[in-house]
Amino acid sequence: MSDESPYTLQRDLEEDERHAFWADIVADRVESRDPDEPIVVKGGISPSGVPHLGNVNEIMRGYYVAEVLRERGHEVRQVFTADDRDPLRKLPRTLCDLEGNLVDLGEVDAGALGRNLGAPYTDIPDPFGCCDSYGDHFSTIIQDSADAVDVPIDLVSNTEMYENGDLEEVTRFVLEHRDRAREVLSAYQDKVDEDYVPFNPICEECGKITETVTSVDLEGETPTVEYECTDMDAGDQTIDGCGHEGTATLREGKMPWRFEWPAQWQVLGVDFEPFGKDHAEGSWPSGQDVARNVFEIEPPVPMVYEWFTLEGQPFSSSEGNVILVSDVLELLEPEVLRYFFAKDPSKARDFSIERLDQLVDEFDRLEAIYFDEIEADEDEAAFAERVYPLVVEEPREERIRLPYTFAAVLGMFDDPDLREDVARKEGHIPDDAPEWAVEDALARVEKARNWARRTANEFDYELKRTEIPDHDFDAATEDALAELADFIEAGHEPDEIQGEIYETAKRHDVDVGDFFGAGYRLFFDEDQGPKLGPFLAKVDREFVVARLRRER
RNA sequence: GGGCCGGUAGCUCAGUUUGGCAGAGCGUCUGGCUUUUAACCAGACGGUCGCGUGUUCAAAUCGCGCCCGGCCCGCCA
């Protein structure tokens, strides 16, 4: 088979290859290769630092293909490699603890990390002291992220695969055929010369990964290499080698990435792997060449996905432009996040917290289309029909979704009963709704409340119930407030109260805008707020009256 | 400089394979909800489909040339 474009979703398709959902296109290609069961879908990242939402591509894109294949009756294993034998090449400026809180490098033992530059992630102590190693720390967060979006991954440590011998045979193979390996890779990398050896041992003296192998001995019972611990280039800086000369087994080191990746394909039997566009023009061409012409295996079905941005900017933990799965799930339901990753992977997208309501609205629409509650054109309907069941745990028609911004409005009340009451009065909860549906619907209020807080947007108001905000009104305003209190005490409808606010202000010759401002001050300690009449009508009357009289 | 991917309404995006009326949601505006104060309802506005060019009865869609953005073409992953 000749070179294969990794842009699997961007190829021209025949009539019978078209699908509403991209994962079906990939699944077709996987099936057409008649793979052994279980079919293996792989992803992987290097646990080098904060695992942000962008890394979730690596989990979710594979997941949809895995699910589609399962639906078609296949047994599927979704493997995720933590490429944790990779060396730490530079100090991250920002880390995060297991709860996802960002932590500046200065707050941990930076010296300990600095001394470990060049060493495998799994050999570096966890700066937080909670896991077995640096690599383990971040792998744990990756696993937690997958769990949080309910994706069953089989997390495999690359270090473990070397140490337990799973990669030994293939490492031995590539060393045995290192002439061929050199020949193939030299077409992609200039530095590959006749001294190049596709194995980097770990220095037994200083623990760093070294690139200088001086001889290879595959004859003995345990194959080994001899090495000299030399300097390593890492970006613009150099990590010093210690000069030690020693011997390492094939379990005590790693293959360079260009060989390691295809080696993983072989050992794990990978049938499909999605990867970011950074791999599309470099790693993938060499990877498939190495797979076919060094290891003599067929590379997996590839799929390039576009990166997305956060608030229009690239993800960057050091710049603080980063968000973790755990953060996102405080703002919306897992199924909404899963929906985000069901969208076309070949389009670059922006994940905007600022406009998160749009994403949630989109999801709600998908759901409503699926249940035939609203009209949609053919394409959108076909997409909803196919994708919705894969996005939610279980399609249930009786479920209720409060519109996200409405949920944000309800978030201004801290009283759960009041929230439900208002949602019912506004017609968002039907009378015959089952209890679980009401509970689930109201759970969104907390999410939307967090969103309002986080973005400090126009919904970020909080009823100041416990104590009266500082205020300073003139006599006319105070009189007007007292009169309004009497009116409300007498009991009136929301729209009557709204009208009365105007009337009261006019009667006392108070500017209407200022009078509303006084109300917002008293209840929210803000200049602005929600539509005041209906709002006051919904909060318990006793409190409203007392607050208007500035008694508490 | 070369290769690849993307560019559709103010925003987020469908539609591009198979050429056939330019689409949705949000936002905006107007109106309604008996009264400028953000929840609800209705309607309207909104477009050089990145630009140019070719093919065609017909181009967002196909060809060619360009522009802009991103990725790769050292190393590493």
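The figures here come from the full heavy-atom set of this structure, side chains too, leaving out hydrogens, waters and symmetry mates. Chain naming here is simple, since letters A, B, ... match the order of the sequence lines and numbering starts at 1 in each.
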Identify which nucleotide among [options] has an atom closest to any side-chain atom of [X], counting heavy atoms from C-beta outward.
| X | options | result |
| --- | --- | --- |
| Arg355(A) | C11(B), U36(B), G25(B) | C11(B) |
| Lys506(A) | C76(B), U35(B), U12(B) | U35(B) |
| Glu281(A) | C76(B), U35(B), C4(B) | C4(B) |
| Gln358(A) | U12(B), A14(B), G70(B) | U12(B) |
| Arg349(A) | G6(B), G70(B), C13(B) | C13(B) |
| Gln189(A) | C75(B), C40(B), C26(B) | C75(B) |
| Lys347(A) | G6(B), C11(B), C71(B) | G6(B) |
| Asp361(A) | A14(B), C26(B), A39(B) | C26(B) |
| Lys191(A) | C71(B), C40(B), C75(B) | C75(B) |

For a quick check of understanding: with a heavy-atom distance under 4.0 Å over all strands, which category does [X] fall into, base, sugar-phosphate or nothing?
| X | answer |
| --- | --- |
| Asp357(A) | nothing |
| Glu362(A) | sugar-phosphate |
| Lys90(A) | nothing |
| Gly513(A) | base |
| Gly499(A) | base |
| Arg258(A) | base |
| Ser283(A) | base |
| Phe383(A) | nothing |
| Lys343(A) | nothing |
| Trp261(A) | nothing |

Rounded distance in Å - [atom1] ([X]) to [atom2] ([N]):
| X | N | atom1 | atom2 | answer |
| --- | --- | --- | --- | --- |
| Glu58(A) | A77(B) | CD | C1' | 12 Å |
| Asn200(A) | C76(B) | CG | P | 8 Å |
| Asp231(A) | C75(B) | CG | C1' | 15 Å |
| Arg85(A) | C76(B) | CZ | P | 18 Å |
| Phe308(A) | G6(B) | CZ | C1' | 16 Å |
| Phe406(A) | C40(B) | CZ | P | 8 Å |
| Trp22(A) | U16(B) | CH2 | P | 18 Å |
| Asp190(A) | G74(B) | CG | P | 5 Å |

Counting only Watson-Crick or G-U wobble pairs whose two distances fall under 3.5 Å, which nucleotide matches [N]?
| N | value |
| --- | --- |
| A59(B) | none |
| C66(B) | G50(B) |
| C71(B) | G3(B) |
| G19(B) | none |
| A44(B) | U28(B) |

Determine the interatomic distance between [atom1] on [N] and the same-named atom on [M]; round to the nearest Å.
| N | M | atom1 | answer |
| --- | --- | --- | --- |
| C5(B) | G63(B) | P | 12 Å |
| C13(B) | G74(B) | P | 32 Å |
| G23(B) | G65(B) | P | 32 Å |
| C26(B) | C62(B) | P | 31 Å |
| A9(B) | U61(B) | P | 15 Å |
| A24(B) | G15(B) | P | 15 Å |
| G69(B) | C75(B) | P | 26 Å |
| G43(B) | G50(B) | P | 30 Å |

Do the side chain of [X] and the main chain of [Y] share a donor and acceptor less than 3.5 angstrom apart?
| X | Y | result |
| --- | --- | --- |
| Thr210(A) | Glu228(A) | yes |
| His52(A) | Gly54(A) | yes |
| Arg547(A) | Leu522(A) | yes |

Legend entry - Residue pair Glu260(A) / Tyr162(A), side-chain donor-acceptor N/O under 3.5 Å: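 Side chains of Glu260(A) and Tyr162(A): pair found under 3.5 Å.
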
Legend entry - Side-chain H-bond candidate by donor/acceptor type, Thr238(A) with Asp231(A), under 3.5 Å: no

Inset, instruction - Nearest-nucleotide wise, let me know which of Glu306(A) and Phe340(A) is further upstream toward the 5' end of RNA chain B. - result: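 Closest to the 5' end, via its nearest nucleotide, is Glu306(A).
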
Legend entry - Upstream residue (5' side of RNA chain B) when Tyr7(A) and Thr405(A) are each assigned their closest nucleotide: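 On the 5' side of the pair lies Tyr7(A).
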
Legend entry - Other residues, nucleotides, ligands: >12 heavy atoms within 6.0 Å of Asp509(A) CG: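 No, the 6.0 Å shell around CG holds no more than 12 heavy atoms from other groups.
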
Legend entry - Under-3.5 Å donor-acceptor pair between Glu503(A) side chain and U35(B) base: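 For Glu503(A), whose side chain was compared with the base of U35(B), there is a donor-acceptor pair (under 3.5 Å).
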
Inset, instruction - Go through the N and O atoms of the side chain of Ser48(A) and the base of A77(B), and report whether any donor-acceptor pair is under 3.5 Å. - result: no

Inset, instruction - Apply side-chain hydrogen bond (donor to acceptor under 3.5 Å, both in side chains) to Thr405(A) and Asp357(A), showing your working. - result: CA-CA 7 Å; Thr405(A) 52; Asp357(A) 55 314; 5.7 Å; no

Inset, instruction - For the residue pair Phe315(A) and Asn321(A), establish whether any side-chain heavy-atom pair is separated by less than 4.5 Å. - result: no

Legend entry - Atom of Trp307(A), atom of Lys277(A) and distance for their closest heavy-atom approach: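 For Trp307(A) versus Lys277(A), the nearest heavy atoms are NE1-N, 3.7 Å.
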
